[in-house]
Q: 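One structure follows; several queries about it will come next.
Side chains are part of it too, since the values below use all heavy atoms of this structure and drop only hydrogens, waters and symmetry mates.
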Amino acid sequence: MPELPEVEIVKQSLDRKIKQKKIQKVIIKNRNLRFKIPMKFEESLNNRSVKKITRFSKYIILEFSNSTFCIIHLGMSGTIHLIRKHKKINTNTSFYNSPNLPFKHNHVEIYFRDIKMVYNDPRRFGFFKLIKNKKNLNEHFNHLGPEPFFRLFNIIYVYNYFKNKKKNIKNFLLDQKFVSGIGNIYASEILYLCKINPLKKAKNLSKEDCKKIIYFSKLVLKKAIKDGGSTIRNFRNVSGHSGLFQKKFNVYQREGLNCLDNNCTGIIKKKTISKRSTFFCNKCQK
DNA sequence: AAGAGGCCCTGATAGC
DNA sequence: TGCTATCAGGGCCTCT
């Protein structure tokens with residue numbers, strides 16, 4: 001599910017709805033995520049105020065008032081929902097108005113005064129991780145390359161990185177050590193706009209190719225963010241609604257259909273590259 | 001060192 | 001209907 005744009009959508013909502021709020025209660029329904037949620041998790045978060053919410057690559061980072069952090073990763077199938085608390089009229093009780101979604105696999109529930117945040121992850125590839133201080137936080141991201149939006153992701157970096165590299169360009173777009181935030185969907189979409197064949201070896205890419213990769217990586221991710229991300233199977237924003245960018249896919253899941261470039265008579269092909277499905281035009285992507 | 005491959009896990013869908 | 005096989009948006013680890 002979640003590549004950089006989807007994670008950014010979630011991050012923006014968290015920023016609007018839980019920033020500066022205090023955690024009143026944490027309930028773990030299931031500790032089994034990629035890393036087991038430790039027993040001390042609840043206690044560590046209790047009474048903490050969420051000072052700041054940031055994102056790096058596909059990771060959401062909650063910063064608390066005592067300068068500790070919590071890194072959240074959504075894995076393949078993780079979703080975060082924010083559910084508003086309602087007061088029942090004429091009683092002292094309250095209830096949560098759940099969006100219309102099955103929630104078999106809720107793992108984490110974090111309660112704020114007026115809202116609860118629910119983390120749900122059927123495949124359990126995601127995680128919550130408590131981080132003691134800024135230094136430990138930085139260590140966590142040291143091995144990751146720049147996001148496409150960073151100034152460091154420039155022609156010199158990309159062109160030099162590709163020198164002598166035999167691996168194909170599709171794999172590099174998915175390689176978080178090279179560039180972080182792009183996933184399997186956007187890799188195909190980016191290469192289509194670049195008119196570069198996903199199997200092309202990185203060392204054979206020209207400077208012009210590299211410039212296109214930089215330009216379209218930014219463009220595709222920005223547009224996807226603007227459209228609220230992409231929903232293929234289960235991505236939902238924190239209110240339970242789908243993204244819209246999947247309607248604008250040029251190649252992803254368009255196997256057998258015509259290339260959308262008016263000047264091209266090609267057909268979109270699907271090919272498995274390193275165990276990941278890859279979509280491309282057989283004619284205009286050279 | 002770079003690159004290929006396996007593995008973690010559940011659910012939806014396709015095919016028989 | 002009900003079984004089995006395949007595939008899914010990520011990332012880490014190991015082996016060569």
Q: Take the protein atom CG of N120(A) and the nucleotide atom C1' of dC9(B), then report the distance between them rounded to whole Å.
A: 14 Å

Q: Between atom CD in E6(A) and atom C1' in dA8(C), what is the gap in whole Å?
A: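 After rounding, the gap between these two atoms is 14 Å.
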
Q: Is it true that K21(A) and D114(A) make a salt bridge, defined as a side-chain N closer than 4.0 Å to a carboxylate O?
A: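 Counted as a salt bridge, because a side-chain N and a carboxylate O are separated by less than 4.0 Å.
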
Q: Under the side-chain hydrogen bond (donor to acceptor under 3.5 Å, both in side chains) test, which residues partner N171(A), sequence neighbours left out?
A: S274(A)

Q: Once you round it to whole Å, what is the distance between P of dC7(C) and CD of E255(A)?
A: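 The answer, rounded to whole Å, is 12 Å.
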
Q: Over 60° means perpendicular and under 30° means parallel, so tell me whether F172(A) and F178(A) are parallel, tilted or perpendicular.
A: perpendicular

Q: Give a yes or no on whether a salt bridge exists between K195(A) and D261(A), defined as a side-chain N under 4.0 angstrom from a carboxylate O.
A: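 So K195(A) pairs with D261(A) through a salt bridge.
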
Q: Side-chain N or O of S277(A) less than 4.0 angstrom from OP1 or OP2 on dA8(C)?
A: yes

Q: Which residues pass the side-chain contact (heavy atoms from CB on, under 4.5 Å) test with K163(A), sequence neighbours left out?
A: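 Expected list: Y159(A), N160(A).
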
Q: So that I can tick it off, tell me whether E42(A) and R31(A) are bridged by a salt bridge, with the cut-off set at under 4.0 angstrom between side-chain N and carboxylate O.
A: yes

Q: Can you name the residues that form a side-chain hydrogen bond (donor to acceptor under 3.5 Å, both in side chains) with Q176(A), not counting sequence neighbours?
A: none

Q: For F125(A) and dC7(B), what is the distance between atoms CZ and P respectively, to the nearest whole Å?
A: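 Value for this atom pair: 13 Å.
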
Q: Under 4.0 Å between any heavy atoms, over every strand shown, what does Y186(A) touch: base, sugar-phosphate, or nothing? Just pick one.
A: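 If one applies the 4.0 Å heavy-atom cut-off, Y186(A) turns out to touch nothing in the nucleic acid.
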
Q: Give me the ring orientation class for Y161(A) and Y157(A): parallel if the planes are under 30° apart, tilted from 30 to 60°, perpendicular past 60°.
A: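 It falls in the tilted class, 30° to 60°.
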
Q: Using a heavy-atom cut-off of 4.0 Å across all strands, would you classify K203(A) as base, sugar-phosphate, or nothing?
A: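 Result for K203(A) = nothing.
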
Q: Let me have the donor-acceptor pairs involving side chains of residues 279-286 of chain A, under 3.5 Å, with sequence neighbours excluded, atom names and distances please.
A:
{"residue": "N282(A)", "atom": "OD1", "partner": "I267(A)", "partner atom": "N", "Å": "2.9"}
{"residue": "K283(A)", "atom": "NZ", "partner": "T265(A)", "partner atom": "OG1", "Å": "2.5"}
{"residue": "Q285(A)", "atom": "OE1", "partner": "C281(A)", "partner atom": "N", "Å": "2.7"}
{"residue": "Q285(A)", "atom": "NE2", "partner": "L191(A)", "partner atom": "O", "Å": "3.2"}
{"residue": "Q285(A)", "atom": "NE2", "partner": "I196(A)", "partner atom": "O", "Å": "2.8"}
{"residue": "K286(A)", "atom": "NZ", "partner": "K283(A)", "partner atom": "O", "Å": "3.0"}

Q: Measuring to OP1 and OP2 of dC8(B), would you say a side-chain N or O of K36(A) lies under 4.0 angstrom away?
A: no

Q: With sequence neighbours excluded, what pairs up with A187(A) under the side-chain contact (heavy atoms from CB on, under 4.5 Å) test?
A: K170(A), L173(A), L174(A), I182(A)

Q: Can you pull every protein N or O that's under 3.5 Å from an N or O on nucleotides 11-15 of chain B?
A:
{"residue": "dG11(B)", "atom": "OP1", "partner": "K104(A)", "partner atom": "NZ", "Å": "3.0"}
{"residue": "dG11(B)", "atom": "OP1", "partner": "H105(A)", "partner atom": "NE2", "Å": "2.3"}

Q: Treating a pair as Watson-Crick (purine N1 to pyrimidine N3 plus N6-O4 or O6-N4) or G-U wobble (N1-O2 and O6-N3) with both distances under 3.5 Å, list the stems of 3 or more consecutive pairs that involve DNA chain B.
A: B:2-8 with C:10-16, B:10-16 with C:2-8

Q: Sort me out a list of protein N/O and nucleotides 11-13 of chain C N/O pairs below 3.5 Å, or just none if empty.
A:
{"residue": "dG11(C)", "atom": "OP1", "partner": "H73(A)", "partner atom": "NE2", "Å": "2.9"}
{"residue": "dG11(C)", "atom": "OP2", "partner": "K58(A)", "partner atom": "NZ", "Å": "2.8"}

Q: Is K211(A) positioned over the aromatic face of Y215(A), cation under 6.0 angstrom from the ring centre and no more than 45 degrees off axis?
A: no

Q: With E147(A), which residues qualify under side-chain hydrogen bond (donor to acceptor under 3.5 Å, both in side chains), at least two apart?
A: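 Only R55(A) meet the side-chain hydrogen bond (donor to acceptor under 3.5 Å, both in side chains) criterion with E147(A).
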
Q: Can you check nucleotides 1-4 of chain B for protein contacts, nitrogen or oxygen pairs under 3.5 Å, and list what you find?
A:
{"residue": "dG3(B)", "atom": "OP1", "partner": "K166(A)", "partner atom": "N", "Å": "2.5"}
{"residue": "dG3(B)", "atom": "OP1", "partner": "K167(A)", "partner atom": "N", "Å": "3.1"}

Q: Write down the distance between NE2 (H107(A)) and C1' (dC8(B)), rounded to a whole number of angstrom.
A: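 H107(A) atom NE2 is separated from dC8(B) atom C1' by 13 Å.
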
Q: Restricting to side-chain hydrogen bond (donor to acceptor under 3.5 Å, both in side chains), what partner residues turn up for K36(A), sequence neighbours left out?
A: N32(A)

Q: Whole-Å distance between dT10(B) C1' and L33(A) CG?
A: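 It is 13 Å, rounded to the nearest whole Å.
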
Q: Quick one: D121(A) CG to dC9(B) C1', roughly how many Å, whole number?
A: 9 Å

Q: Please name all residues satisfying ring pair (Phe, Tyr, Trp, His ring centres under 6.0 Å) with Y192(A), sequence neighbours left out, ordered by chain then number.
A: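 Here no residue qualifies.
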
Q: Considering only atom P, compute the distance from dC3(C) to dC9(B) and round it to an integer number of Å.
A: 24 Å

Q: How far, in whole Å, is dG11(C) from dA1(B) if one measures between their P atoms?
A: 23 Å

